[in-house]
Structures are given as structure tokens and as C-alpha cells.
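Following: one structure in C-alpha cells, then a few remarks.
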Amino acid sequence: MRARLLTAGVLALTAAGCAENPAPLEARRPTLNTATATPPPVMMQGFYWDSPNESGSGEWWDFVAARVPELAKAGFTHLWLPPAQKSHNNPSMGYDPYDFYDLGEFNQKMGVETWFGSRAEHAGLITTVHAHGMKAIADVVYNHKSGGGLEYNPNTGTSTYTSFTPLSGAYQLHYNNFHPSTYEQSDQGTFGDMPDLAHVNPDTWNVVLSYQKWLKNTVGYDGWRYDYVKGFHPWVVRDLQRNVGGWGVGEFWDGNKALVNQWLASIEYTASAFDFPLFYAIKSMCSDNSGTGGYDMRSLWGSGVLWDHPFNAVTFVENHDTDVHSPVVNDKMMCYAVVLTHEGKPTVFWRDWYNYNLARSGTPHGIERLVWVYQNLAHGTSSLLYADPDVYVMQRNGTPGLVVMIIDNVRSWKRQTVKTKWPNTTLKAYAWNSEKDRTQPATVKTDGSGNVTLSAAPRGYAVFAP
Ligand code: ZN
Ligand code: CA
């Protein structure tokens with residue numbers, strides 16, 4: 001949530017390989033057991049802030065559905081959609097939820113349809129997502145509600161906007177479902193002045209639990225992106241995961257890795273967390289092109305949650321909130337080279353793929369090729385092979401594995417000798433980019449101990465593998 005205020009989360013996944021340029025690549029691709037293997041997950045965040053301005057009001061679900069086939073082909077396995085329910089404001093991105101069960105069906109608030117479309121159009125999108133082998137991730141907002149009517153509140157002795165009797169008729173909420181409640185005065189946080197749900201009231205909990213079961217069993221969602229989890233008890237996410245199932249990721253927006261790790265422990269690892277600590281590190285790396293490259297590449301290794309909890313870290317470069325408030329504008333592909341070669345589950349931001357034209361389909365220089373790299377090469381554990389203030393070389397130790405070299409120096413190509421896991425092997429670049437120089441880094445041969453000298457362009461990266 002946090003519309004114009006802050007936030008949002010991301011997640012995306014894909015499947016499938018990308019097309020090779022001329023042809024040679026296809027031949028060199030490792031063989032996958034595609035009949036049985038589930039492709040490593042890559043999530044697409046299927047919206048950006050105010051994205052219906054691009055499609056037209058009420059047309060976003062159809063706009064996305066038309067692009068699902070190409071996203072599936074590019075390898076995305078998960079599609080994260082914005083909060084689908086009818087909300088308070090007109091228009092709304094969904095982070096001020098009013099009627100959980102109105103997906104564009106009842107004439108209330110902004111009208112029958114949401115800003116994204118009708119319930120039928122939403123259902124069509126979910127069907128299309130599943131028809132292409134992808135999973136649909138719902139953005140669920142459980143910290144607060146918005147748009148209730150005024151009622152006398154004995155808990156405060158005043159009148160509060162806590163009377164919710166929405167047209168779906170599926171549930172009602174009143175003052176004691178919110179803080180301060182007779183069950184609890186407050187929880188971890190509030191969002192603005194919106195009524196703050198008191199999940200310790202069993203009636204409140206049942207509304208939330210029933211809603212998420214409905215999203216899964218009736219609407220067809222496969223997983224969850226939990227908005228603003230800093231605002232409520234961790235057990236809410238833990239118990240929803242255990243009672244409803246499905247893949248989940250929480251928006252615990254904090255650059256302090258210890259705090260994100262603590263949240264993961266508190267939900268007993270039933271879901272993942274967006275890797276905000278990594279986000280801040282790579283944002284700094286991409287943004288700081290001052291001097292010779294101001295970021296110290298030695299700081300990258302270990303910066304994110306993915307180094308501590310690789311199976312519970314959802315990595316990303318940008319989301320609907322960060323894009324609005326302070327987007328990465330320099331050398332953004334360096335950031336994607338990190339999230340799509342390292343451990344963790346990567347997310348690609350819609351606007352980076354489509355509007356900022358970083359997919360660069362059919363070339364080795366964009367996100368599309370890196371998604372292929374993530375799904376076909378980036379396997380196994382990780383080793384740091386070398387780092388200095390300008391150069392970072394990391395190896396994925398699985399099969400086939402890869403070595404990625406990232407250079408933040410502004411001025412010159414860098415060469416570095418490292419010891420890889422492959423003796424007497426020819427290594428070539430599968431993906432590379434620099435906005436300054438797109439010359440393909442040289443193909444090289446390792447010695448009997450795996451030693452080899454690799455090179456990459458300034459403000460660039462190269463991914464090597466046999
Ligand atoms: Zn948020
Ligand atoms: Ca709260």
C-alpha cells in the first residue's frame with residue numbers, strides 16, 4: 001500500500017525460454033527436462049502506480065490479459081495483480097479497501113467497476129493466467145479498511161468511520177473490529193487515519209480468513225502479496241498461510257536486514273519477504289555513477305535477505321511505490337543483473353519491461369535474456385570469487401551454474417582473474433550489457449585449476465557459463 005505515500009511490493013515469475021538472436025544460442029542452451037521440471041519462479045508485477053491511466057479506466061484487467069501469452073513465453077511463472085476489490089477513493093489503486101467481495105460487481109463508491117475493470121473481466125484474466133501455466137498472486141490489504149460510515153464508538157466516546165455494511169452483503173464490520181477494541185488497544189502500526197483492523201477480535205479474524213479462502217477457492221488466486229505487514233501481528237500472515245495455503249510474500253518495508261529476518265522468523269517462514277535491504281544496496285550501486293563509480297562493490301555480497309534466507313527472499317529492482325517516489329534512473333540493467341543471477345525469487349516490474357523498454361527481447365542486453373539466465377543457468381549455492389570497490393564476481397555453484405561479473409566503474413573495462421569451478425572449460429558470455437559499450441566480452445578458456453581472466457564493460461555486467 002502506500003499509494004502516493006509509499007509502497008508496494010512485487011513478485012513475478014516466469015517459465016519458458018527466450019528466443020535467441022540469430023540461432024547459435026538455442027543450440028548452446030542446456031537441456032532441461034521440461035516435461036517434469038517446474039521452471040524456477042520469476043514474478044511479473046502486473047501494474048504500476050496509476051497504470052489504468054494507460055489502459056483507460058476499467059480496462060486494466062483486459063490490458064494485462066492481452067499480454068499474458070508473451071509474458072508466459074518469456075518465462076514468467078507468477079503474475080502479481082493489484083488489490084482487486086472495490087475501494088474507497090475514486091479512482092483507487094486498491095490500497096484503501098472498502099468491500100472485499102466487490103470485484104467490480106456492485107454499484108458503490110466509484111461505481112460498478114473498479115479502476116481495473118469488472119468482476120467478469122477479472123475472472124477472464126485469472127482464467128487466461130492459468131491457461132498459460134502461470135500463477136495469479138493477489139495483493140491483500142489487511143491492516144486497514146476505508147470508506148465506512150460514521151457511527152458512535154463507545155470505545156472512543158466519539159463518532160468514527162467504522163460502520164461497514166457493504167453491498168456484497170458478505171460481511172459487516174463495526175467499531176469493535178478496529179482499534180481501540182475491547183480485545184486490544186492497538187497493534188504494530190496504522191496507515192494514515194484509516195480504521196485499523198483488530199485481528200484479535202475473532203469476528204475480524206474470521207472476515208479476513210473467509211475472504212482469503214474465497215479468493216483462493218472461488219476467485220482462483222494461487223498466492224498472496226501481503227500489504228504493509230509492519231502494521232499488524234505476524235501471526236496473521238502465519239495463520240493465513242497455514243489455513244489457506246499458497247505461496248506468499250510480505251511487504252515488510254525496511255532496509256534493516258535484521259528486522260526483515262526477524263519478521264520471517266516471527267511468521268515461522270510460512271511466507272517470504274521482499275528483499276528491501278538488497279533493493280537499497282543495488283539502488284545505490286545503480287544510482288551512484290559519480291567519480292569512478294561511487295558504490296563499493298565489496299558491500300554487495302551479504303547485503304540482502306537472500307544471503308540469509310534464499311528460499312524466503314523475493315528480490316526486486318523497482319515497484320509501484322519506489323517508481324513513483326525515487327526510481328532508479330541510471331544503469332538499471334546492473335540491478336537486474338544482480339536479482340536475476342543471485343539466489344532468491346526475482347520480480348520484474350511491469351514498467352521496466354514495457355514502458356522503460358528494458359525487456360530488449362531477442363537481444364542479450366535486457367531483462368528477457370536475464371530471465372532465461374535465471375531459469376537455465378543460475379542454479380545452486382553461491383560463492384564470491386572476487387570483489388574490490390569497482391568489480392564484483394560471483395559464481396553459482398550448481399549445474400550448469402554461472403559466473404557474473406559486475407562493474408560499477410564509470411571509465412573503463414575491467415579484467416579480473418578468478419578461480420571458477422570449471423577446469424579446462426571454454427566460457428562464453430550469455431548475457432551482457434553496458435549503456436556505454438555493448439561489445440561482447442571475450443570468450444575465454446580456463447586452465448586446469450579453473451582459473452580464467454574475465455572482462456566486462458564500464459557500468460556493465462556479463463554472465464559467463466560453459
Ligand atoms: Zn503498501
Ligand atoms: Ca494495524
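Both ligands and their constituent atoms are indexed starting at 1 by order of listing. Atom set for the values below is all heavy atoms of this structure, side chains included, hydrogens, waters and symmetry mates excluded. Starting from 1, each residue takes its place in the sequence as its number.
Residues Phe47 and Leu81 approach most closely at CE2-C, 3.7 Å, considering heavy atoms.
Metal site remark for the Ca ion (ligand 2): Gly231 contributes an N, O or S atom at a distance under 3.0 Å. In summary, Gly189 places an N/O/S atom under 3.0 Å from the Ca ion (ligand 2), meeting the contact criterion. The Ca ion (ligand 2) has an N, O or S atom of Asn143 under 3.0 Å away, backbone or side chain.
From Asn176, atom CG reaches atom OG1 of Thr182 across 3.5 Å, with rounding to the nearest 0.5 Å.
Computed with the Ca ion (ligand 2) at the centre, the Asp187 OD2 to Asp196 OD1 angle is 130°, stated to 10 degrees.
For Glu113 and Lys86, the salt-bridge test fails: no basic side-chain N is under 4.0 Å from an acidic carboxylate O.
Below 30°, between 30° and 60°, or above 60°: for Tyr211 and Tyr142 the angle between ring planes is above 60°, a perpendicular geometry.
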